[in-house]
Number of protein chains: 2
Amino acid sequence: MTAVADTPQHRRALRSTAKVLPEHARASNRSMVLQLLFHAGPRSRAELARATGLTRVTISDLVSSLLAQGLVTELGQQADGKVGKPGTLVGLDAEAFQIVAVDLADDERVHGAVLDLSGAVQERRTAAVGGCTGAAAVEVLLGLCRELVAATTRPVLGVGVGSPGVIDLSGRVLQAPNRGWYDLPLAEQLSAALELPVHVANDADTAALGEFTWGGASGNGLLVLTVGGGVGAGIVLDGALVQGNEHAAGELGHVTALDERDEHDQAPLGRPQPCACGRRGCLETVLSVPAMRRRIAGLDPAATDAALASVGRRLGIVLAPVVSALNLSEVVLCGPEELLGGPLRDAALATLRERTIPVVSSHVQLRMTSLGEHGALSGAAVLVLSGQLGVT
Amino acid sequence: MTAVADTPQHRRALRSTAKVLPEHARASNRSMVLQLLFHAGPRSRAELARATGLTRVTISDLVSSLLAQGLVTELGQQADGKVGKPGTLVGLDAEAFQIVAVDLADDERVHGAVLDLSGAVQERRTAAVGGCTGAAAVEVLLGLCRELVAATTRPVLGVGVGSPGVIDLSGRVLQAPNRGWYDLPLAEQLSAALELPVHVANDADTAALGEFTWGGASGNGLLVLTVGGGVGAGIVLDGALVQGNEHAAGELGHVTALDERDEHDQAPLGRPQPCACGRRGCLETVLSVPAMRRRIAGLDPAATDAALASVGRRLGIVLAPVVSALNLSEVVLCGPEELLGGPLRDAALATLRERTIPVVSSHVQLRMTSLGEHGALSGAAVLVLSGQLGVT
DNA sequence: AGTTGTTTGTAAGGACGGTTGCCTAACAAA
DNA sequence: TTTGTTAGGCAACCGTCCTTACAAACAACT
């Protein structure tokens, strides 16, 4: 229809650009105010104005619209002993709305929760997958969502879903072998059925978002490694998830981590094992929970520690190039504390530091998640916060 | 002075946010038009409107201001056989302005050039470093800049500099040991002296920008590896350079690539060699130009190929985790063709593909730069295009 | 040749968002 | 009480984009 040819040059030229209207400026400034109230706590209008660089007039206008929507509330006078008129504190009303979050990482049960805007869990529900795949699996998910929405006691801001698989920005599942989903517009379908905004992302990505927002991330550049039945990663740079060319960023589980001839460790991991992907020696074959449990089964404590440390060293070797290339400030491990938290972590960090230049190694952290097993759920909630309010 | 405490939460909250005014929207839309004309060639106003999503009225307004600034020119009627009034083609005037670009990667000579807006080199000059460091090195650079500015025949859009070292977004050189620069506000100093906009970035980063803009990059996610006296990398994701937590992203040269006990290659690289950074087995100790020349000196062609392939395999091993984590679409090598272009590249690509999951490996490219030795210079020019016009 | 329909580019008017300048209220310190 | 400072609101203005309307230029049909 259009006379303009849709050439690759066009798409390239406009890939990361879109028209900007004054109303987008408004939305952006609104997000900035919410972001500030979210992270830094209640503030007076005048303080918001100083912190954002906007004028008091504009902030007043923004705040009044936020008050009208019920997102923020006035919390009374500022009782400092300072000169001048005391300001009126304005704070985010964490209980004004609720978020429905669902985690599909577990193959057996779908885990869901209702959270408030501060990430506090209000309700928790699960549903059995029962081996369902394809459309039936969508039905199970939809059922849990309906149940959770029914359990909310406030208006629902939106629904966030973290799922294994490759998922694009619009919430379309390009492929999720575990569920038998291929090219499925999951967010669109759920949104139509629930009549709510729905955001879907890879579960490692949601875990990374959760860690970024609530895990007390320090610097810039975060990689979250989820260790379960498989191994996945989510990367947050400059406050945004890295998507990758095919939306497959974070596929660290299937990087070769063990070679045929290079194992001379003190607690040898043995020959590279075959992997579900059809190759051998993938990181998943040594770092996944089942693989580690098999390896340490029946070992005495010292041998267990040595075996886990050996796994940690392989992890450190794989992480070193990534951490160097991106100059990450933090690597976070999500998974069973008893496997990951001890010698594995220590060995991985030591190896990572040995193998990177000081300007990188001296700043990088490697730690367990501070969100426990709720990481994926709260991350799915951040998906909604980010999508609906611009807050991360 | 301000009553608002400057807490970490504040900086965190506002890190990737800034107030947005309608004029920023205007600037963004202006950039979008320029971007389209730059990459897709001349268009009529109506076509620009369709491609950008803005109305014809707004485009007319934007185009008229660009015409007034001399950045674009009208190129006559569109002579298609279509119905309706033929449009007036509007095109970027590549010769309306010129760009001064300087490359400091070479320790012996500073290379500079005058380019037009299409990246075509108009003039070329160099200056001897003569072992200068610190302020004296700045003087040499400044002298070359003045010479180049004097050689321009059109108004100068700005000056772009690519330099080794760690450089922040404002063009402050945090550390550049080769030049003896530490915490030096280079862009600011040059800008004050030349009375022109000056943009400074790491040389690997400028090379990556050049490749991204003029190298025919295909997908999303580009890593450019510069191989010279050392090894550096620049990464472009979603059209923007990756900075890193300490602005040290791309420090791949000092990732350990060779271990004490894991070398069983067909053309052994031997024991890990000491590196200038004080550790052993860094990628630089096998992949830098001097290291490779030493290794192949006196070898017959077959042995040379085998040795270079062995280096390539080490490179592939280091790249695999990075390419997987970011799902990169392209890795580009910059450096001597005779060393990098043959068996080394082939072995690196094969190793990279072997060690990554198909969804990643089947899409990734690994090739020599298409910009020859001018990559860094044209990249420095892109720095200016990007900074002044929003075009990449 | 005249009519019709399509497309281009411009003009006028309106909506929206932010700013500056000025005002009043509330408080501490002199 | 006076003075200086800070908070918050009101009015007027400017910039940016939109919608609507219109003239010009052309192809195709009658």
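This is a predicted model, so every value here is computed, not measured.
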For this session: Please check if the side chain of Asp205(A) supplies one atom and the backbone of Ala208(A) the other of a donor-acceptor pair under 3.5 Å.
Result: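 Answer holds: no.
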Problem set entry | Nearest listed nucleotide, side chain of Ser44(A), among dC18(D), dG8(D), dA24(D) |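 Of dC18(D), dG8(D), dA24(D), dG8(D) is nearest to the side chain of Ser44(A).
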Problem set entry | N/O donor-acceptor pair, side chain Arg45(B) with base dG9(C), under 3.5 angstrom |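 No pair found.
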Exercise. Can you find an N or O donor on one side and an acceptor on the other, under 3.5 Å apart, linking the side chain of Arg56(A) with the base of dG8(D)?
Worked result: yes
Atom-pair distance ([atom1] on [X]; [atom2] on [N]), nearest Å:
{"X": "His24(A)", "N": "dG18(C)", "atom1": "NE2", "atom2": "P", "answer": "13 Å"}
{"X": "Ile59(A)", "N": "dT6(D)", "atom1": "CD1", "atom2": "P", "answer": "18 Å"}
{"X": "Lys85(B)", "N": "dT8(C)", "atom1": "NZ", "atom2": "C1'", "answer": "5 Å"}
{"X": "Gln77(B)", "N": "dA24(D)", "atom1": "CD", "atom2": "P", "answer": "15 Å"}
{"X": "Asp61(A)", "N": "dT19(C)", "atom1": "CG", "atom2": "P", "answer": "11 Å"}
{"X": "Leu21(A)", "N": "dC16(C)", "atom1": "CG", "atom2": "P", "answer": "13 Å"}
{"X": "Met32(A)", "N": "dG18(C)", "atom1": "CE", "atom2": "P", "answer": "9 Å"}
{"X": "Arg43(B)", "N": "dT7(C)", "atom1": "CZ", "atom2": "C1'", "answer": "17 Å"}

Exercise. Starting at the 5' end of DNA chain D, which residue's closest nucleotide do you reach first, Glu23(B) or Pro86(B)?
Worked result: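 First, find each residue's nearest nucleotide; the 5'-ward one identifies Glu23(B).
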Exercise. In terms of the nearest nucleotide of DNA chain D, which residue is placed more toward the 5' end: Gly87(A) or Leu54(B)?
Worked result: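 Whichever sits nearer the 5' end wins; that is Gly87(A).
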Exercise. Just checking, is any N or O donor in the side chain of Thr55(B) or Thr58(B) under 3.5 Å from an acceptor N or O on the other one?
Worked result: yes
Problem set entry | Any side-chain donor near an acceptor of the partner, Gln122(A) and Thr153(A), under 3.5 Å | no
Problem set entry | Gap separating the OG atom of Ser28(A) from the CG atom of Leu21(B), nearest 0.5 angstrom | 10.0 Å
Exercise. How far apart are the closest heavy atoms of Leu117(B) and Asp93(B), and which atoms are they?
Worked result: CD1-O, 3.8 Å
Is any side-chain N or O of [X] closer than 4.0 Å to OP1 or OP2 of [N]?
{"X": "Thr58(A)", "N": "dT19(C)", "answer": "yes"}
{"X": "Lys19(B)", "N": "dT19(C)", "answer": "yes"}
{"X": "Thr88(A)", "N": "dA7(D)", "answer": "no"}
{"X": "Thr55(A)", "N": "dG18(C)", "answer": "no"}
{"X": "Arg26(B)", "N": "dC17(D)", "answer": "yes"}

Exercise. For Leu62(A) and Gln78(B), take the nucleotide of DNA chain C holding the closest heavy atom to each; which residue's nucleotide lies nearer the 5' end?
Worked result: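 That would be Gln78(B).
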Exercise. Which part of the nucleic acid, if any, lies within contact of Ser60(A), taking any heavy atom under 4.0 Å across all strands shown: a base, the sugar-phosphate backbone alone, or nothing?
Worked result: sugar-phosphate
Exercise. Base, sugar-phosphate, or nothing: which does Asn29(A) touch, judged by heavy atoms less than 4.0 Å apart?
Worked result: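 If one applies the 4.0 Å heavy-atom cut-off, Asn29(A) turns out to touch the sugar-phosphate alone, with no base involved.
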Exercise. Does Gln69(B) CD have over 12 foreign heavy atoms under 6.0 Å away?
Worked result: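 Atom CD in Gln69(B) is crowded, with more than 12 foreign heavy atoms closer than 6.0 Å.
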